[in-house]
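Owing to the predicted nature of the structure, the values given are computational and were not obtained by experimental measurement. Heads up: numbering here begins at 1 and tracks the sequence.
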Amino acid sequence: MPSADTLPAAEPTTTLRTLLPAAGVSVSAFLLFGVHLPLPGYALLVASLVAAFLLHRELFRDLLLIALGIGIVSTTSVEADISWDMFFLLGAVLTAAVLAPVLVDRFVYRRSAITFPWITGRRWTRLQWGYVVAVPVLGYLILPAYFIHSGSYQNWPPIQTASEFGRFFVGVNAVGLWDELFFICICFALLRRHFPLWTANVLQATIFVSFLWELGYRSWGPLLTIPFALLQGYIFTRTKSLTYVVLIHLLFDAVVFLAIVHAHDRSIFPFFLY
């Protein structure tokens, strides 16, 4: 279960002095990942942190952790690349983007605002189990049509060897796991300390969707990724379970893997409808 440091005792309210710096951090991710404007992106990120420092010191501490992760990720391209060099480089960068905020939270701030609640002791409801079943079904119905008709599958390289199949499968799932660790357990959880649910959720989804756009979910991809990011934040709030949101994400990503491979070579996994 999340510790007492994860959320404030009372539901926070949104004010301009907290919203503007937080929104600036989120929009900086859009500039860095979504439209590849590094100078404006970094300038906005720094300005937002300065504003938070002047206006709300506790918010500044949390935004600094989010900005630290964003800054680390921005040091390399996250566009799909399954070469061995990029496989290890991106893995190291994404690991650092999670590890650095956690270490600062634990050893500099000396608290436990960032937690990873794998085991909550709560049983999943029938509705939650139903969603587990529904997610891959929805993915099967939606994802092939999206990737093929939009041409977005071309943002991922074609898979030709057994080694590439293995790296692509591991990479898709590793990034899916990382998404939940960083965007939900770090960005969303820290923002929830200062904002109501849906304000924090929109702020984290802005960062989440910007990252996914650079990763390759382009064209009309945000029509899928925006609801998905918002749902993951909402579900995490209801379940308090990292295990559950990770399972949902990995089930969805399993279909992503199959659909992209099929889009490149229609003779592989020829069981999709689109």
Side-chain angles (χ1 to χ4, degrees), residues 2-3 5-8 12 14-15 17-34 38 40-76 78 93-117 175 177-215 225 229-230 232-233 236-237 242 245:
S3 71
D5 288 333
T6 303
L7 292 176
T14 302
T15 64
R17 73 190 189 102
T18 57
L19 180 60
L20 290 179
V25 170
S26 294
V27 173
S28 75
F30 170 75
L31 295 176
L32 291 169
F33 305 135
Y42 290 128
L44 180 58
L45 187 61
V46 172
S48 300
L49 292 176
V50 171
F53 181 83
L54 296 175
L55 297 173
H56 197 292
R57 197 64 54 86
E58 188 61 28
L59 174 64
F60 164 75
R61 286 157 58 89
D62 289 334
L63 290 182
L64 183 61
L65 299 184
I66 297 172
L68 179 59
I70 291 173
I72 291 172
V73 175
S74 72
T75 61
T76 189
V78 299
V93 168
L94 295 184
T95 299
V98 169
L99 190 59
V102 172
L103 292 177
V104 173
D105 185 54
R106 296 292 191 279
F107 298 108
V108 179
Y109 294 172
R110 297 186 179 279
R111 64 181 195 183
S112 297
I114 299 173
T115 62
F116 303 101
V175 171
L177 171 60
W178 180 86
D179 287 342
E180 302 307 323
L181 297 179
F182 183 69
F183 297 117
I184 299 301
C185 289
I186 294 180
C187 297
F188 179 61
L190 292 176
L191 289 166
R192 279 290 285 129
R193 289 165 51 82
H194 305 278
F195 299 101
L197 167 60
W198 286 106
T199 303
N201 212 9
V202 169
L203 291 171
Q204 72 83 14
T206 302
I207 307 172
F208 198 162
V209 172
S210 299
F211 173 85
L212 292 177
W213 177 274
E214 182 175 3
L215 187 63
T225 57
L230 292 172
Q232 289 297 89
F236 183 72
T237 300
L242 175 58
V245 294

Rounded at 0.5 Å granularity, tell me how far [atom1] in [X] sits from [atom2] in [Y].
| X | Y | atom1 | atom2 | answer |
| --- | --- | --- | --- | --- |
| Phe116 | Ile184 | CZ | CD1 | 12.0 Å |
| Leu59 | Thr18 | CG | OG1 | 6.5 Å |
| Leu19 | Leu203 | CG | CG | 6.5 Å |
| Trp178 | Thr95 | CH2 | OG1 | 10.0 Å |
| Thr115 | Arg106 | OG1 | CZ | 7.5 Å |

Might you point out which heavy atoms bring [X] and [Y] nearest each other, and give the distance in Å?
| X | Y | result |
| --- | --- | --- |
| Ile114 | Pro101 | CD1-O, 3.7 Å |
| Ala52 | Pro21 | CB-CB, 3.8 Å |
| Asn201 | Gly233 | OD1-CA, 3.4 Å |
| Leu242 | Cys185 | CD1-SG, 3.6 Å |
| Ala113 | Leu190 | CB-CD2, 4.0 Å |

Would you mind reporting whether [Y] and [X] have side-chain heavy atoms less than 4.5 Å apart?
| X | Y | result |
| --- | --- | --- |
| Phe182 | Cys187 | yes |
| Val102 | Leu65 | no |
| Val78 | Val175 | no |
| Trp213 | Thr225 | no |
| Leu215 | Phe33 | no |
| Ile66 | Ile207 | yes |

Going by the rule side-chain contact (heavy atoms from CB on, under 4.5 Å), which residues pair with [X] if we only count those two or more places apart in sequence or in a different chain?
| X | answer |
| --- | --- |
| Leu177 | Trp118, Leu181, Val246 |
| Ala67 | Leu45, Leu49 |
| Leu103 | Leu99, Phe107 |
| Val93 | Ile72, Thr75, Thr76, Leu89 |

Among all residues two or more places apart in sequence or in another chain, which pass the ring pair (Phe, Tyr, Trp, His ring centres under 6.0 Å) test with [X]?
| X | value |
| --- | --- |
| Phe53 | Phe60 |
| Phe208 | Phe183 |
| Phe195 | none |

Can you sort out the partners of [X] under side-chain hydrogen bond (donor to acceptor under 3.5 Å, both in side chains), two or more places apart, ordered by chain and number?
| X | value |
| --- | --- |
| Ser48 | none |
| Glu180 | Gln232, His249 |
| Tyr109 | none |
| Asp62 | Arg111, Arg193, His194 |

Under the salt bridge (charged side-chain N to carboxylate O under 4.0 Å, His left out) rule, collect the residues that match up with Asp179, sequence neighbours excluded.
-> none
Between the side chain of Gln204 and the main-chain N/O of Ile186, is any donor-acceptor distance below 3.5 Å?
-> no
